[in-house]
Amino acid sequence: MKLRGRIVDVGDEREVETKYGSRSLAEVTVRPEGDGWVPDGGQTDSGDADHGRAARGEDGDGQTTLGDADGETSLSDADGETTPAERDTGDGTVRLTLWGKWTHTVEHAEVGMELLAIDVEESEYRGETTYATGGDSRVVLEPGFLVDVTDIRSWVQCPRMYYLNKLSGIPLNYPVVKGTIVHEVFGDLLRDRDLEDSIDERVREAGLELGLLGRDADEVRDEVRRNAAAIEGWLQQGTLTEEDAWRSEYTLISPTFGIKGRADALRRGMPVELKTGKNTNREPRFQDKIQAAAYALVLAERGVPADTGTLLYTKNTALERHEESGDLSPAKEFSIGDGLLDFVVRTRNEIAAMEFDVSVPTGYEADARCEYCFEQDTCMVVSGRLDQESKAGQIGEAVPEDELEYFERFYRAIEAERRAVHAEYRKLWEQSAEERAEDDRALIGLEPAGNEELDDGRWEMRARKSDDAVSKLREGDVALASDGDPVDGHAELCRIRELGEAVVVTADEPVSLRRLDVYPSEIGVDRMLTALHDFVLKGDPDRKDVLFGRREPEFADGDASEGGEGDREPYVDNNAAQDRAVQMAVDAEDFALVHGPPGTGKTYTIAQIVAALVDRGQRVLLSAFTNRAVDNALEAIRERGIDDVVRVGTENGVREDMLDVRLERGGDPNERAAALRDAPVVAATTSTCGSRVMRENAFDVALVDEASQLTEPGTLAAVELADRFVLVGDHEQLPPVVQASGTQRGAASPNGSSASGEEPRPANDLQTSLFERLIETYPDASVLLDRQYRMSQRIQAFSSREFYDGALRPANGAVAAQRLSDLGVDEGALPPALGDPVAFVDPDGERVGNTNPTEADRVAEIVDAYVAAGVDPDDVGVIAPFRAQVAEIGRRTDVTVDTVDRFQGSAKEVIVVSFVATDALDGPIFEDYRRINVALTRAKKALALVGDAEALSTEPFYERLLDWARR
DNA sequence: TCTCTGCAAAGAGGA
């Protein structure tokens with residue numbers, strides 16, 4: 001029987017006398033959720049289970065059975081607490097008695113946590129049914145929180161190590177880089193690749209990292225060769241004796257136990273873990289056994305029990321065998337019994353429970369001997385800065401109270417985001433294939449069209465897409481390829497190569513390609529967390545003084561925001577605001593903010609700023625949230641004549657025309673490291689800025705574009721690499737995308753025009769960008785680019801008034817007066833409804849879900865009318881708030897149709913906006929007016945708004961929009 | 001029922 005639900009009460013552990021002696025016991029009361037209370041493998045329980053069975057206590061010896069009467073009657077204890085049998089459970093809750101080692105649960109459980117107990121036993125006493133753990137039971141706390149196997153391993157070593165790794169990230173160091181190479185070579189060997197070829201290529205691929213570590217390739221190859229010799233010897237031994245069934249890099253997710261991870265290899269279904277180090281003891285290290293056992297636990301859940309684990313200590317080589325005592329064979333096998341598996345479950349519970357309240361963990365060192373710990377320094381620094389107790393001791397002074405508060409606040413927000421990622425994982429098994437497809441998170445019903453082994457032993461899989469199915473998946477993405485069931489079936493982590501009618505992916509092992517799923521990643525939250533750590537715990541005190549409001553930002557030669565051009569040569573002719581922006585960026589001793597509304601030449605200004613900085617011999621980091629924005633800015637800089645630039649990023653992230661300056665990671669270590677270190681301009685996404693390699697770099701100035709779309713910790717990842725920074729953005733356009741958003745903020749209009757008349761603070765700290773926070777705190781450190789080169793006067797008027805206090809103006813008369821006739825369009829041929837450059841059309845449609853088919857029809861007609869009048873279809877764009885409506889309209893026209901979010905950053909001569917809504921305008925998509933600002937300001941010469949007039953009149957903001965459009 | 005881009009991910013070690 002299986003029990004799942006929220007904990008409503010946690011009892012104390014206590015000893016009871018049974019006829020088999022003294023036993024420990026504890027109770028939890030749980031409110032079952034949904035079908036939480038079900039027999040294993042069945043549906044709902046109708047209460048007809050076998051009542052004659054006795055509750056069993058168990059621990060080491062496993063099978064002790066309590067007599068019914070003796071067991072229950074002895075439960076009355078000295079505390080005067082009610083016994084399980086006496087307590088009424090008529091309120092819909094269920095009481096679970098935990099015996100023996102599962103009393104561990106109550107040491108960590110808290111009210112509100114989710115509990116999952118499997119194989120629990122049911123018994124009856126005085127007419128009431130009670131439940132208890134038995135010999136096969138396992139109890140899981142917060143099963144929805146996915147703990148990584150490597151995290152369980154480090155927690156077993158020392159709980160502090162778990163969150164030190166989490167907070168500070170694992171820095172670039174040689175053992176890790178070499179370990180990764182050895183693991184890759186191991187995988188290659190399993191795929192029958194030539195050893196020398198593999199070593200050559202894998203060491204070459206790690207060139208950049210090895211170079212930054214000052215390592216020589218020959219020396220590394222020799223070392224890896226020694227590890228590989230141990231692997232090869234062992235592999236040969238295995239194949240000589242009996243038939244071997246191998247597979248490498250196995251991705252495992254456990255819905256029941258809340259564990260995910262990747263096993264190095266499976267041999268005849270048994271987990272094999274490769275270790276680069278040496279272990280001269282007869283027994284494997286305990287934490288290593290736990291790691292292998294964790295994989296075995298997940299395998300068992302999939303119905304493939306593994307009773308043996310193998311640890312391969314590849315530094316245990318024959319050469320050293322003579323010199324040292326002890327057991328130096330590389331492979332150590334051990335048996336994986338229930339006791340070990342239970343231990344894994346309990347250890348995972350400790351982590352999940354510690355993470356439950358989403359606060360900064362303090363941790364403890366358990367029995368660890370700190371003097372041998374490689375993490376000792378980090379440990380002492382973190383303890384010192386956060387003023388935590390630590391066996392290792394503390395270094396440095398605690399950060400001030402307000403910084404600690406900031407750290408905790410953002411830690412919580414980032415962790416909330418992590419839960420959202422975990423929720424995405426859960427959808428892999430909680431949603432049906434059809435629901436996943438409906439959600440655009442999976443391509444299902446693929447027809448396998450052949451698998452082919454590649455030269456390097458990896459596999460290329462092909463499949464045919466049955467229909468015109470769409471999804472969030474894109475070429476170049478990492479995804480989960482499966483035979484149709486990504487959790488219980490066969491699944492492989494793959495890279496999408498092609499995503500047309502033919503679907504092509506590559507993976508380490510072959511799979512029958514019937515389904516492709518979005519595979520969530522925690523890397524984004526991990527990097528925000530390390531950026532937060534670097535800023536608060538290791539950041540420059542001078543900078544923190546400004547960012548924590550203890551002093552004003554400073555500029556060379558006084559306050560540049562007040563000074564004009566003076567006598568100097570202008571950086572930019574004919575645009576005073578742009579010129580002043582460059583001046584401020586150059587003069588900034590802390591930071592400068594460039595506020596660039598739509599069409600105001602942000603990218604051009606960025607190029608001027610970078611040029612001015614490079615002229616002064618400054619090393620510049622150019623960053624933005626998206627690859628697209630990074631490449632746009634980089635393009636402008638190169639057009640400005642700055643060619644000594646390096647683009648850091650993945651091959652499929654970097655735009656094709658920037659690949660020529662992309663930093664190759666593979667190659668000679670010294671040369672690769674120099675290519676990065678010596679580049680005067682380095683461009684990378686903020687996420688890449690948080691990578692190990694980039695964290696080794698330092699810059700004079702970081703310039704971050706689209707900074708208003710970045711979370712504060714996301715911005716910090718780039719900013720922390722430089723002495724000073726420049727943020728370019730527009731907080732009146734789209735804010736950062738945050739998944740765990742709680743309630744969204746309301747109106748962003750400075751005119752304070754939200755329905756409630758108030759502007760609620762965002763519920764989630766990540767929803768306010770650092771750009772927005774700083775521009776509100778230090779307006780004097782910002783420049784507003786107030787001349788726009790995109791929209792006609794008529795089009796820009798509403799946006800200027802509502803969002804920029806009327807400060808936004810056309811750059812010149814030509815911009816202001818532009819019309820469709822400039823394009824050779826016969827305006828007279830347009831229907832009267834589209835006669836004005838800003839038009840409103842009410843098609844009298846009906847919202848159906850997130851679509852409005854009638855409105856979609858009308859939008860298509862309007863597009864056709866523009867085209868018929870002579871507008872080039874490439875010059876027309878359609879914007880809708882929902883993806884569903886985007887698809888609906890897309891079926892009716894060939895012009896570009898997209899969501900607001902995806903349209904940000906681009907513009908069209910003609911824009912048609914579909915509002916969809918026909919009754920209330922509730923829903924976050926309509927409540928954040930910044931989204932409307934973006935939609936309206938994509939248009940240059942003509943804008944057609946298509947929506948329901950009555951619905952739009954219900955909100956003052958939209959009513960003003962209507963008035964303007966229908967003028 | 002909202003919008004969605006980054007990330008190969010996980011990788012190590014000693015008395």
Side-chain angles (χ1 to χ4, degrees), chain A residues 148-151 153-154 157 161 165 170 173-184 186-187 206 249 251 260-264 273-281 285 287-288 313-315 369 371-375 438-440 472 474 476-479 493-495 506-508 518-528 624-630 649-653 684-692 706 709-710 714 717 734-739 741 744 849-850 880-886 898-904 916 922-928 930-931 934:
Chain A
D148 213 280
V149 172
T150 50
D151 287 335
R153 178 183 189 274
S154 62
Q157 266 185 279
M161 193 177 288
N165 287 345
I170 299 176
N173 61 18
Y174 182 60
V176 178
V177 175
K178 184 192 144 191
T180 307
I181 297 172
V182 172
H183 275 77
E184 285 165 346
F186 176 54
E249 294 293 314
T251 302
K260 67 180 160 73
R262 258 191 127 186
D264 285 342
E273 273 303 303
L274 185 71
K275 297 293 157 194
T276 323
K278 175 162 58 174
N279 175 18
T280 53
N281 296 326
R285 278 191 198 91
Q287 62 264 30
D288 298 340
Y313 293 98
T314 58
K315 211 173 174 183
R369 301 258 311 271
E371 62 265 38
Y372 301 123
C373 181
F374 292 97
E375 306 268 14
E438 185 81 4
D439 239 12
D440 295 343
K472 299 160 83 90
R474 299 202 198 144
D477 281 357
V478 171
L493 218 49
C494 72
R495 169 82 68 180
T506 51
D508 283 346
V518 171
Y519 188 74
S521 166
E522 290 185 51
I523 196 158
V525 285
D526 286 342
R527 292 202 170 158
M528 278 198 276
F625 182 52
T626 62
N627 276 308
R628 196 195 60 194
V630 171
T650 59
E651 204 170 340
N652 48 61
T685 60
T686 47
S687 182
T688 298
C689 288
S691 68
R692 277 205 310 242
E706 297 193 351
Q709 283 187 77
L710 273 164
L734 295 177
V737 172
V738 174
Q739 305 194 34
S741 52
Q744 290 263 352
N850 283 337
F882 306 108
R883 264 192 301 168
Q885 179 74 347
V886 167
D898 231 322
T899 56
V900 184
D901 301 62
R902 291 207 186 166
F903 244 105
Q904 175 148 334
V916 181
D922 41 280
I925 207 123
F926 297 108
E927 284 164 13
D928 194 336
R930 290 176 286 190
R931 190 164 268 108
V934 174

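Keep in mind that the numbers below use all heavy atoms, side chains included, and drop hydrogens, waters and symmetry copies. Numbers restart at 1 for each chain; the letters A, B, ... are given by sequence-line order, proteins then strands. On a predicted model such as this, the values are computed, not experimentally measured, just so you know.
- Scanning for salt bridge (charged side-chain N to carboxylate O under 4.0 Å, His left out) contacts around A:Glu522 gives A:Lys260, A:Arg418, with sequence neighbours left out.
- Judged by distance alone, with hydrogens and angles left aside, the side-chain atoms of A:Gln885 form no donor-acceptor pair with the main-chain N or O of A:Val916 at under 3.5 Å.
- By the salt bridge (charged side-chain N to carboxylate O under 4.0 Å, His left out) test, A:Asp477 is found to be paired with no residue, residues two or more places apart in sequence or in another chain being considered.
- Without hydrogens or angle criteria, A:Thr685 side chain to A:Phe625 main chain gives no donor-acceptor distance under 3.5 Å.
- Among the nucleotides B:dT3, B:dA12, B:dC7, the one closest to the side chain of A:His183 is B:dA12.
- Side-chain atoms of A:Glu522 stay outside donor-acceptor range of the base of B:dG6, with no qualifying N/O pair under 3.5 Å.
- Within the structure, a side-chain polar atom (N or O) of A:Arg902 is placed less than 4.0 Å from OP1 or OP2 of B:dC4.
- Closest contact between the side chain of A:Phe882 and the listed nucleotides B:dT3, B:dA12, B:dC4 involves B:dT3.
- Looking at heavy-atom distances under 4.0 Å, A:Glu706 makes no contact with the nucleic acid at all.
- We find that CG of A:Asp901 is positioned 13 Å from P of B:dC2, with the value rounded to whole Å.
- Considering only the side chain of A:Phe625, B:dT5 comes nearest among B:dT5, B:dC2, B:dA9.
- Side-chain contact between A:Val886 and A:Arg902: absent, with no pair of heavy atoms (C-beta onward) separated by less than 4.5 Å.
- Judged by closest nucleotide on DNA chain B, A:Glu184 is the one of A:Glu273 and A:Glu184 placed further toward the 5' end.
- Ranking B:dG6, B:dA12, B:dC4 by closeness to the A:Ser687 side chain, first place goes to B:dG6.
- Of all nucleotides listed (B:dT3, B:dA12, B:dG6), B:dT3 comes nearest to the side chain of A:Ile925.
- Applying the salt bridge (charged side-chain N to carboxylate O under 4.0 Å, His left out) test to A:Arg692 and every residue at least two apart in sequence or in another chain returns A:Glu209.
- Remark: the backbone N or O of A:Leu274 is paired with a side-chain donor or acceptor of A:Asp264 at under 3.5 angstrom.
- Straight-line distance from the OH atom of A:Tyr519 to the P atom of B:dT5: 20 Å, rounded to whole Å.
- As rounded to whole Å, 13 Å separates atom P of B:dA12 from atom CZ of A:Arg262.
- Among the protein residues, A:Leu710 comes within range of no part of the nucleic acid, since none of its heavy atoms lies under 4.0 Å from any strand.
- Residue A:Ile523 places its side chain closer to B:dC7 than to any other of B:dC4, B:dA10, B:dC7.
- Under the side chain to side chain donor-acceptor pair (under 3.5 Å) criterion, A:Asp151 pairs with no residue, sequence neighbours left out.
- The residue A:Lys178 sits apart from the nucleic acid: no heavy atom pair falls under 4.0 Å.
- A:Thr688 comes within 4.0 angstrom of the backbone, heavy atoms only, and of no base.
- The NZ-C1' distance, from A:Lys260 to B:dA9, rounds to 9 Å in whole Å.
- Counting non-hydrogen atoms under 4.0 angstrom, A:Ile181 reaches nothing in the nucleic acid.
- Residue contacts shown for A:Arg883 are limited to sugar-phosphate atoms, with no base heavy atom under 4.0 Å away.
- Taking every side-chain heavy atom of A:Arg285 into account, B:dG14 is the closest of B:dA12, B:dG6, B:dG14.
- Comparing the P positions of B:dA9 and B:dT5 gives an interatomic distance of 16 Å, to the nearest angstrom.
- Contact check for A:Met528 versus A:Val525: side-chain heavy atoms found under the 4.5 Å cut-off.
- Following rounding to the nearest Å, A:Gln904 (CD) and B:dT5 (P) show an atom-to-atom distance of 12 Å.
- At the heavy-atom level, A:Asp526 lies nowhere under 4.0 Å from the strands shown.
- A:Asp288 has its CG atom 12 Å from the C1' atom of B:dG14, to the nearest Å.
- Dashed line: the shortest gap from a side-chain N or O of A:Thr899 to OP1 or OP2 of B:dC4 is under 4.0 Å.
- Base engagement by A:Val176 is indicated by at least one non-hydrogen atom pair under 4.0 Å involving a base atom.
- When distances run from any side-chain atom of A:Arg495 to the nucleotides B:dA8, B:dT3, B:dT5, the shortest one goes to B:dA8.
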Quiz item: How does DNA chain B look in dot-bracket form if you count Watson-Crick and G-U pairs under 3.5 Å, write [ ] for pairs that cross, and put | where a base pairs with another strand?
Solution: ...............
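- Considering only side-chain N and O atoms, A:Asn627 lies under 4.0 angstrom from the phosphate OP1 or OP2 of B:dC7.
- You'll find that the side chain of A:Thr650 is closest to B:dA8, out of B:dT5, B:dC4, B:dA8.
- For A:Arg527 and B:dT5, the CZ to P distance is 18 Å, given to the nearest whole Å.
- Among the protein residues, A:Asp439 comes within range of no part of the nucleic acid, since none of its heavy atoms lies under 4.0 Å from any strand.
- Legend: residues meeting salt bridge (charged side-chain N to carboxylate O under 4.0 Å, His left out) with A:Arg153, ordered by chain and number and at least two apart, are A:Asp288.
- Rounded to an integer number of Å, the gap from CZ of A:Phe926 to P of B:dT1 is 16 Å.
- When distances run from any side-chain atom of A:Glu375 to the nucleotides B:dA8, B:dC4, B:dA12, the shortest one goes to B:dA12.
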